[in-house]
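Heads up, the thing below is written out as structure tokens.
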2 protein chains.
Amino acid sequence: MAKIRDNIEKESQLIGLLLKQQQASKFRLHFLKLHQHEQAQIFVKLNSLQRKRLYRYLTSTKVAEFFNELDLEDLTADYLKEMSPRYAAAVIATMYTDNAVDMLGTATDADLKTYLKFIAPQKAVIIKKLLHYQAKTAGAIMATEFVKVTGNQTVADAMLLVKHQARQAEIIYYLYVVDHFDHLTGILTLRDLLVAPAERSIAQLMTSPVVAVKVDDDQEDVARMISDYNFVALPVTDAAEKLVGVITVDDAIDVIDEESAEDYSGLAGVDIDEQQDNPWQAALKRLPWLITLLLLGMSTATLVSHYERLVSEASILAVFISSITGTAGNAGTQSLAVAVRRLADPKADRRSIWKIILTEILTGILIGVITGVAIMLIVGWWQKNIILGLVIGLAMFAAIIVANLAGSLIPLLMSKIGVDPAVASGPFISTLSDLTSVLIYFNIAQIFLKFIMND
Amino acid sequence: MAKIRDNIEKESQLIGLLLKQQQASKFRLHFLKLHQHEQAQIFVKLNSLQRKRLYRYLTSTKVAEFFNELDLEDLTADYLKEMSPRYAAAVIATMYTDNAVDMLGTATDADLKTYLKFIAPQKAVIIKKLLHYQAKTAGAIMATEFVKVTGNQTVADAMLLVKHQARQAEIIYYLYVVDHFDHLTGILTLRDLLVAPAERSIAQLMTSPVVAVKVDDDQEDVARMISDYNFVALPVTDAAEKLVGVITVDDAIDVIDEESAEDYSGLAGVDIDEQQDNPWQAALKRLPWLITLLLLGMSTATLVSHYERLVSEASILAVFISSITGTAGNAGTQSLAVAVRRLADPKADRRSIWKIILTEILTGILIGVITGVAIMLIVGWWQKNIILGLVIGLAMFAAIIVANLAGSLIPLLMSKIGVDPAVASGPFISTLSDLTSVLIYFNIAQIFLKFIMND
């Protein structure tokens, strides 16, 4: 594994050098023998001058082939800007439509118009249509290059078609069967086709009904489906049940990665895909959350300040503030993580929402009792003050239940009002739980104050 | 999407009923028209009596086909125990070896021996070998059903071979080219084969060198590679460069899911895949972390208790404990999440480890300065006490830098000593940072004590 990485590192330096020295044919020799994914990896490390030479040394087809392998965040129209409009249009027309559309999505309207002018009308129409699908839906990530057959064709006909389309189609391992109105009626795999007698009709061979998704289905649900069914691709139909595209497993992986990075970022209150090594930019990305939470935390401080007299009378109370807020915050974070994950699970049905809450309340009570009793005994023994132990234990118990409830209710409410619950961050829950914990703690302490001091 | 789910729900109830009523042929009719993934989903919901009837009503081949679709956690030998050993062995022998091995991995040694007795010797040898690969390596997740050709064969030969092996092979979209010693020398896709002239030799057509992994490579690296290169499958070679298996993209997705769930669980300090709705079991799973953190938190309490005199003299100090510990904890969690993610990125090279630390220190300083100045102004204005503001600001500044450093250093050290940094939990970092923050806070406060009180 490390060897492959080292090799790419070496090739990358060599290729950069060859471009710098304008050695066109040597560059082509080294660059074109690499896998397209490796070409893409090296391309993104080049500077603008090197890239412009690369466009000159390679045909638009070769560029399109490795552009298909660029990561989503690198599919930017900035690269197209560096080419002549005609060359850029040729690259776009050769790329798979899903990738081309991702790239064009970042172009200005004027540039987009220019490029489309140089693209064959049928292709330009498809691209324009795809550009209109809403982000993060099946329509936005689907490709339109697939093999389409009709039920009355024979296996031999279909085989010819596959051979003919093998070079253009993004995926040839599934054949989609449509009727005269382009309605998706069946599916068969290339494997089925290979083992079938040549004269058999497709209609006899195909599987029906077909598992398909709609253009406006959420990309996460689609990715989950591909992953659950172990599909290599999944067909997409429009509102009229017409076959309009396919989503391939490599796109599904990208979606799963993107969504899991979002979940993780949400929990940590930071965009973990911050690529820049620039501390200033990193700080700018993290500060909004921190400052917001700090201000929220100031309400906790304000709250404590109301109890300042209480603290000055019984300064021992200050000792346990961070234990109680900390433990409740941790319990709330656990509960949040479980709830967010459950809500994202497509297999969980709607009834189970109340089950989540009920489970969390009961779990909170159990955890609260056990943790409360533990801290009561520890504090009672350590401070030789059983009433103080009781106060801390009770406060811990109540604070944990409230934090657990908040941890599961907040993502639930967010999902109800249509906000992705994954953005409910762990730090937010723990800062919120600081507030409630302190309120609970000092109120319980106030009740028992004279017993604490007498004891 | 929801429609598919509802349909499965309905089918599931019907199939359960048909099994209860012992309607064998009606059951077969309904069950066998479902997709194998759906069959698997319904199967796991049946009770033991229903399952035993299902084995009676279906051939071992049909059972093996949907067993291949079971989720990893459902691939348990408990199901095999419910069958006759001969039937169980037939199911295992028909399943793809990677899934069969996962299932047998949970069987007792005695049962394993019994099953293997009924399996054809060549297959039994392969299974025994696969059972010995270490968990979470390429060897443990690879399948051994693939299409193997030699360079001197022609396209027509290879096509015949593919047709012949299409039913058994887990993946037929890649053909692996080997020499006389079974060394992997090249690869071609079924697509290449389809468009090539029949008399062309494989050696002329194949791509070489092949991107492959080793049996003992980490499954996460392998999955990343499949995802980066957009492969449908990746060949696996042993120490002698012999081709021994393939890993398919569906297994890669499972690995990516598993690893991202682990990352998320680590950050939250809870196993988020806790399936049970039983609050008692959920509590038992979460308590170890909470209690450990509580005990760690008690050191913070002990620390504060040393400053009890300080607090009783200046009770205002208690007001800001949770603001400082909270903000530093949040900053530490952000830093942790970024570091864990970076360390998991296979593209990051080793030099960048020091870059991560340096970036985190600088980011910490920037965040610390900005947050510190903000809180200084807020507190100074609110409490009309600029010295108090200065104390809080300074403490916040120092506490954030320490928390940021801990957040990036701890996962880094873990990865150095070979522990998965993903288990470094957010709650752990914030509890640890509570301790350092309080220490910093009270020490700074002590220095400025008389100014605070005078002001």
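Just so it is clear, the values below take in all heavy atoms, side chains as well, and ignore hydrogens, waters and symmetry mates. Numbers restart at 1 for each chain; the letters A, B, ... are given by sequence-line order, proteins then strands.
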Between [options], which has the largest tally of heavy atom pairs under 4.5 Å with chain B?
options	answer
A/Leu310, A/Val195, A/Thr248	A/Val195
A/Leu303, A/Thr302, A/Asp254, A/Val162	A/Thr302
A/Ala169, A/Ala223, A/Ala166, A/Ala331	A/Ala166
A/Asp434, A/Leu287, A/Thr333	A/Leu287
A/Pro209, A/Ser430, A/Ser260	A/Ser260

Which one of [options] has the most heavy-atom pairs closer than 4.5 Å to chain A?
options	value
B/Ile367, B/Leu362, B/Val311	B/Ile367
B/Gly297, B/Ser312, B/Ala40	B/Ser312
B/Ile256, B/Ile375, B/Asp192	B/Ile375
B/Leu295, B/Val319, B/Asp250, B/Leu194	B/Val319
B/Val232, B/Leu190, B/Ile378	B/Leu190
B/Leu294, B/Thr371, B/Leu284, B/Thr327	B/Leu294

Given heavy-atom pairs under 4.5 angstrom as the criterion, report whether the side chain, backbone, both or neither of [X] touches chain A.
X	result
B/Ile324	neither
B/Ile361	neither
B/Ile172	both
B/Ser437	neither
B/Thr207	neither
B/Trp382	side chain
B/Phe231	side chain

Inter-residue atom distance [X].[atom1] - [Y].[atom2], 0.5 Å rounding:
X	Y	atom1	atom2	value
A/Met298	B/Phe320	CE	CZ	5.0 Å
A/Arg286	B/Thr363	CZ	OG1	5.0 Å
A/Leu293	B/Gln334	CG	CD	8.0 Å
A/Asn330	B/Leu290	CG	CG	6.0 Å
A/Ile316	B/Ser305	CD1	OG	6.5 Å
B/Ile253	A/Arg224	CD1	CZ	8.5 Å

Query - chain B contact via A/Ile171 - side chain, backbone, both or neither, heavy atoms under 4.5 Å - result: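 Contact with chain B: backbone only.
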Query - Residues A/Tyr229 and B/Gln36: side-chain donor-acceptor under 3.5 angstrom - result: no
**Report entry** Residues in salt bridge (charged side-chain N to carboxylate O under 4.0 Å, His left out) contact with A/Lys163, at least two apart in sequence or another chain
**Finding:**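 For A/Lys163 there are no salt bridge (charged side-chain N to carboxylate O under 4.0 Å, His left out) partners, ignoring immediate neighbours.
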Provide the closest heavy-atom pair for [X] versus [Y] in the form atom of the first, atom of the second, distance.
X	Y	answer
A/Asp228	B/Glu69	O-OE1, 4.0 Å
A/Ser322	B/Ile321	CB-CG2, 4.4 Å
A/Glu308	B/Ser315	OE2-OG, 3.2 Å

Query raised in the report: Should the pair B/Tyr173 and A/Tyr173 be assigned to parallel (<30°), tilted (30 to 60°) or perpendicular (>60°) ring geometry?
Result: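 Parallel, since the angle between the ring planes stays under 30°.
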